[in-house]
Trainee: 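This is the structure I have questions about; it appears just below.
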Amino acid sequence: MAETMNGLKRTSYCGRLSKENIGKEEVVCGWVQKQRDKGHLIFIDLRDRTGVVQLVFDDGTDREVFEKAASVHSEYVLIAKGMIRQREAINTEISTGEIEMYVSELRILSKAQTPPFEITDKSKVKEELRLKYRYLDLRRKTLQEKMILRHQIAKVTRDYFYENDFLEIETPMLIKSTPEGARDYLVPSRIHHGKFYALPQSPQIYKQLLMLSGFDRYIQLARCFRDEDLRADRQPEFTQVDLEMSFVTQEDIMDMLEGYMRRLYKEVKGIDIPKMPRLTFNEAMERYGSDKPDTRFGMEIINLTEQVKDSSFPVFANAIAEGGSVRCIVAKNAASTLTRKAIDKLTEQAKGIGAKGLAFIRWADEKPNCSFAKFMSEEELTALLNTLGCEQGDVVLIVADKDRVVLPTLGQLRLTLGKQLELIPEGQYNFLWITEFPFFEWDEESQTWLAMHHPFTMPLEECLPYIDSDPGSVRAQAYDMVVNGVELLSGSIRITDYELQQKMFEALGLTDEEIEAKFGFLVDAYKYGAPPHGGAALGLDRIVMTMCGCDSLRDVVAFPKVQNASELMSQCPSPVDQKSLDDLAIAITEMEKEIEE
């Protein structure tokens, strides 16, 4: 039988003991990191979330306590009482390395089997095994530090917005399914057979309704859900710092959010964030091929269309004739790394993004090697290289096509080369704002204009006349905050004019019946006096991820899902019993059974 804590109570955390505690009797609790039995001397490293302290047992220790210490193994849970004393051999690798506890009383609160992997940061274990035993993996120092950092970020977030007169208001988790860009997670109703709730992709409509209700400033650390394909910076359930403000302009909201990020990085990381530069969406795409550019390194996109407009090279000529462009990036001093074989790999990557191919100039030797040399005279090639500022050792990668293909292709190649050529500095945080997003984007599949953000986004005033005649030129009062190539937040000023909202719905091809079915309650609310308002949603998980310097959200979420949206530890999603299905009037089809098998 395990012992109990009865009569003992923790007086300090392991990692918070210091030289100031020398000569004092303390009680600590935790897990055994390591036990070292030297025969007449036993050392136990006891671990809790604050750190490790060394427990010591020797010939002077009560025999029962000594034998108990000798029986201890890794991950046993202990409570120990003893005197804090100076340590003879100082350990500089831990915060408690100058002291130790000479134990007078020891209780084994829980024994542990040998874990499936060593619970240290040095152990090399496959991620699948770590996730299967996530509750053990979370005992590791690095993961605990990330969870604690997440808590600190949440605290600073609440403190900042509370101090700026925001009210924290919870919104429902079971809501009406409305189109928001991704598939909803649906929850069947037991009472209303054949009808479903949706889990919120965001509290978007509710926070707008709160502005109509007169609450003026709303904040919530909101749980959100999206049924979409996963990737490193995406989980099916995530946390947003969700906010909305009334009687404000876009500048007011951006100033508030910039102030929040400065406060956050100063308090949590001790870093001063300078005023954030701004790029319009078009500028970001033209220069970096991305609406979330990583500006920690250069290699910006260069437009070659004017220089090669008279080229006989069919790839260039055809792209320009069809209204496209010819653009490139220049990789300085990269010829030794970007061999022909490496360029072939980049070509395959470009094709995977949507490009037809990749032209190149590789200047490794005295004479540059140009993939389209037979269509260009030596003088023309020299003039082109001079225009690009190229020298021996450089490589030029060129894509020719419609801009919607050229820009994102070069944007992705730029990021690949930034990592491959080690151009991205560590420990640097480059923040910027992206503004003036297109309101509409053309969908090739449906051959219709779709809202790039959501249909409640306010267009720029000067764009209002073009909603019907030229939808592609309409820009939105929308803004994203980006750091190091990661989108941290997205927001906009909302439409509050009932007639304008109807017009935007019509421009998106929605019928009156569809508008009523999907947004009827919100549209009705606008008829009763709506203040000008706007807001944003910040990805709390992504903030933690970028602050930690992690590449995946799995590292900063306590119990994450894997690529197929399952959780390896609990093995969800899982089947349910027939009675539960009957209560919901749901039947599993043969096709679904085959998929499961």
Side-chain angles (χ1 to χ4, degrees), residues 1-2 110-113 115-116 126-139 147 150 169-207 209 220-231 234-240 242 513-514 516-522 540-541 552-554 556-597:
M1 293 289 290
S110 179
K111 295 183 179 181
Q113 297 180 26
K126 287 185 178 180
E127 187 183 29
E128 290 80 4
L129 187 62
R130 287 194 187 279
L131 291 174
K132 182 178 179 180
Y133 295 95
R134 185 64 165 183
Y135 48 86
L136 296 179
D137 199 32
L138 283 168
R139 294 181 187 177
M147 295 304 118
R150 186 186 179 104
I169 304 174
E170 292 183 348
T171 53
M173 299 294 280
L174 296 174
I175 67 171
K176 180 183 177 68
S177 179
T178 58
E180 288 201 43
R183 287 182 295 274
D184 284 329
Y185 277 103
L186 301 176
V187 181
S189 171
R190 178 182 60 83
I191 298 171
H192 306 281
H193 286 175
K195 294 185 178 180
F196 296 82
Y197 302 101
L199 298 179
Q201 293 186 34
S202 78
Q204 181 63 47
I205 292 177
Y206 285 100
K207 67 181 179 181
L209 290 171
Q220 182 184 190
L221 269 61
R223 294 294 286 167
C224 304
F225 307 84
R226 294 183 182 177
D227 185 4
E228 55 189 353
D229 295 333
L230 303 195
R231 58 192 186 202
R234 182 186 288 167
Q235 282 280 301
E237 50 185 318
F238 54 96
T239 303
Q240 284 184 180
D242 201 56
E513 291 77 15
E514 288 174 319
E516 178 60 31
K518 294 173 180 177
F519 308 110
F521 63 100
L522 180 63
L540 181 67
D541 313 283
S552 172
L553 290 182
R554 294 181 193 177
V556 298
V557 174
F559 300 101
K561 305 290 190 294
V562 293
Q563 187 78 31
N564 64 1
S566 67
E567 185 196 287
L568 298 183
M569 184 187 69
S570 68
Q571 297 186 340
C572 72
S574 57
V576 297
D577 59 72
Q578 189 60 46
K579 185 178 184 307
S580 297
L581 294 174
D582 292 342
D583 288 344
L584 297 167
I586 289 177
I588 305 296
T589 65
E590 289 301 318
M591 183 182 294
E592 288 168 329
K593 289 179 180 177
E594 289 173 11
I595 291 172
E596 288 178 4
E597 292 170 1

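Along the sequence shown, residues carry numbers from 1.
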Trainee: Could you list the residues that satisfy side chain to side chain donor-acceptor pair (under 3.5 Å) with Glu516, not counting sequence neighbours?
Mentor: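 Side chain to side chain donor-acceptor pair (under 3.5 Å) list for Glu516, sorted by chain: empty.
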
Trainee: Of all residues at least two apart in sequence or in a different chain, which pass the side chain to side chain donor-acceptor pair (under 3.5 Å) check with Arg139?
Mentor: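 Partners of Arg139 by the side chain to side chain donor-acceptor pair (under 3.5 Å) criterion, ordered by chain and then number, come out as Glu75.
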
Trainee: Kindly indicate, with the supporting measurements, whether the criterion side chain to side chain donor-acceptor pair (under 3.5 Å) is fulfilled by Ser566 and Gln571.
Mentor: CA-CA 7 Å; Ser566 67; Gln571 297 186 340; over 6 Å; no

Trainee: List in chain and number order the residues that pass side-chain contact (heavy atoms from CB on, under 4.5 Å) with Arg130, two or more places apart in sequence or in another chain; answer none if no residue qualifies.
Mentor: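 Result, side-chain contact (heavy atoms from CB on, under 4.5 Å) vs Arg130: Phe117, Ser123, Val125, Asp137, Arg140.
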
Trainee: Minimum heavy-atom separation for Leu129 and Pro116, please, with both atom names.
Mentor: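 Looking at all heavy atoms of both residues, the shortest contact is CD2-O, 4.1 Å.
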
Trainee: Do the side chains of Ser177 and Phe196 get nearer than 4.5 Å, heavy atoms only?
Mentor: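 Not touching, per the 4.5 Å side-chain cut-off.
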
Trainee: Residues in salt bridge (charged side-chain N to carboxylate O under 4.0 Å, His left out) with Glu237, at least two apart?
Mentor: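 Applying salt bridge (charged side-chain N to carboxylate O under 4.0 Å, His left out) to Glu237 gives Arg223, Lys561.
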
Trainee: Heavy atoms only: give me the nearest Pro200-Ile175 pair and the separation to one decimal.
Mentor: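 Closest pair (atom of Pro200, atom of Ile175, distance): CA-CD1, 3.6 Å.
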
Trainee: Going through the distances and angles, do Phe521 and Leu209 end up as a side chain to side chain contact (heavy atoms under 4.5 Å, CB included)?
Mentor: CA-CA 10 Å; Phe521 63 100; Leu209 290 171; 3.9 Å; yes

Trainee: Gln578: what forms a side-chain contact (heavy atoms from CB on, under 4.5 Å) with it, not counting sequence neighbours?
Mentor: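 Checked Gln578 against side-chain contact (heavy atoms from CB on, under 4.5 Å); matches are Leu581, Asp582.
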
Trainee: Passes side chain to side chain contact (heavy atoms under 4.5 Å, CB included), Asp242 versus Lys207? Steps please.
Mentor: CA-CA 9 Å; Asp242 201 56; Lys207 67 181 179 181; 2.9 Å; yes

Trainee: Looking at residues at least two apart in the chain, or sitting in another chain, which of them share a side chain to side chain donor-acceptor pair (under 3.5 Å) with Asp227?
Mentor: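 Not a single residue meets the side chain to side chain donor-acceptor pair (under 3.5 Å) criterion with Asp227.
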
Trainee: Restricting to salt bridge (charged side-chain N to carboxylate O under 4.0 Å, His left out), what partner residues turn up for Lys579, sequence neighbours left out?
Mentor: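 By the salt bridge (charged side-chain N to carboxylate O under 4.0 Å, His left out) rule, Lys579 matches Asp583.
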
Trainee: What do the steps show when you test Phe225 against Met173 for side chain to side chain contact (heavy atoms under 4.5 Å, CB included), and what is the final call?
Mentor: CA-CA 10 Å; Phe225 307 84; Met173 299 294 280; 3.3 Å; yes

Trainee: Using modelled atom types only, decide if a donor and an acceptor are shared between the side chain of Gln235 and the backbone of Arg554 within a distance under 3.5 Å.
Mentor: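 Here the side-chain-to-backbone pair does not exist.
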
Trainee: Indicate the atoms forming the closest heavy-atom contact of Ala565 with Pro573, along with that distance.
Mentor: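 So the two residues come closest at O-CD, 4.0 Å.
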
Trainee: Please name all residues satisfying side-chain contact (heavy atoms from CB on, under 4.5 Å) with Glu128, sequence neighbours left out, ordered by chain then number.
Mentor: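 Partners of Glu128 under the side-chain contact (heavy atoms from CB on, under 4.5 Å) test: Lys126, Leu568.
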
Trainee: Please confirm whether the backbone N or O of Phe519 pairs with a side-chain atom of Lys176, one donor and one acceptor, at under 3.5 Å?
Mentor: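 Looks like no, no N/O pair under 3.5 Å.
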
Trainee: Could you pull out all residues at least two apart from Glu567 that satisfy side chain to side chain donor-acceptor pair (under 3.5 Å)?
Mentor: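 In terms of side chain to side chain donor-acceptor pair (under 3.5 Å), with neighbours along the sequence ignored, Glu567 is linked to Ser570.
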
Trainee: Can you give me the closest heavy-atom contact between Tyr135 and Met569, atom names plus distance?
Mentor: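 For Tyr135 and Met569, the tightest heavy-atom pair comes out as CD2-SD, 3.6 Å.
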
Trainee: Going by the rule salt bridge (charged side-chain N to carboxylate O under 4.0 Å, His left out), which residues pair with Asp541 if we only count those two or more places apart in sequence or in a different chain?
Mentor: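 Partners of Asp541 by the salt bridge (charged side-chain N to carboxylate O under 4.0 Å, His left out) criterion, ordered by chain and then number, come out as Arg150.
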
Trainee: Nearest 0.5 Å, please: how far is CG in Leu138 from OH in Tyr133?
Mentor: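 CG of Leu138 is found 15.0 Å from OH of Tyr133.
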
Trainee: Quick one, Pro560 and Leu553 - any side-chain contact, counting heavy atoms below 4.5 Å?
Mentor: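 Pro560 does not reach Leu553 side chain to side chain.
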
Trainee: If only side-chain N and O atoms count, and only distance matters, is there a donor-acceptor pair under 3.5 Å linking Gln240 with Ser202?
Mentor: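 On atom types as modelled, these side chains do not qualify, holding no pair under 3.5 Å.
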
Trainee: Report the residues that fulfil side-chain contact (heavy atoms from CB on, under 4.5 Å) with Tyr197, sequence neighbours left out, ordered by chain and then residue number.
Mentor: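 Partners of Tyr197 by the side-chain contact (heavy atoms from CB on, under 4.5 Å) criterion, ordered by chain and then number, come out as Leu174, Val187, Ser189.
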
Trainee: Does this structure show an ion pair linking Glu228 with Arg183, if we count only N-O contacts that are shorter than 4.0 Å?
Mentor: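 Looking at Glu228 and Arg183, the cut-off is not met.
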
Trainee: I want to check something: taking the side chain as every heavy atom from C-beta on, are Leu131 and Phe559 in contact at a cut-off of under 4.5 Å?
Mentor: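 No - every pair of side-chain heavy atoms lies 4.5 Å or more apart.
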
Trainee: Taking the side chain as every heavy atom from C-beta outward, state whether Pro203 and Cys224 have any pair of such atoms under 4.5 Å apart.
Mentor: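 Pro203 vs Cys224: side chains touch.
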
Trainee: Search all heavy atoms of Gln201 against all heavy atoms of Phe238 and return the closest pair with its distance.
Mentor: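 Scanning both residues, the minimum pair turns out to be O-CZ, 3.9 Å.
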
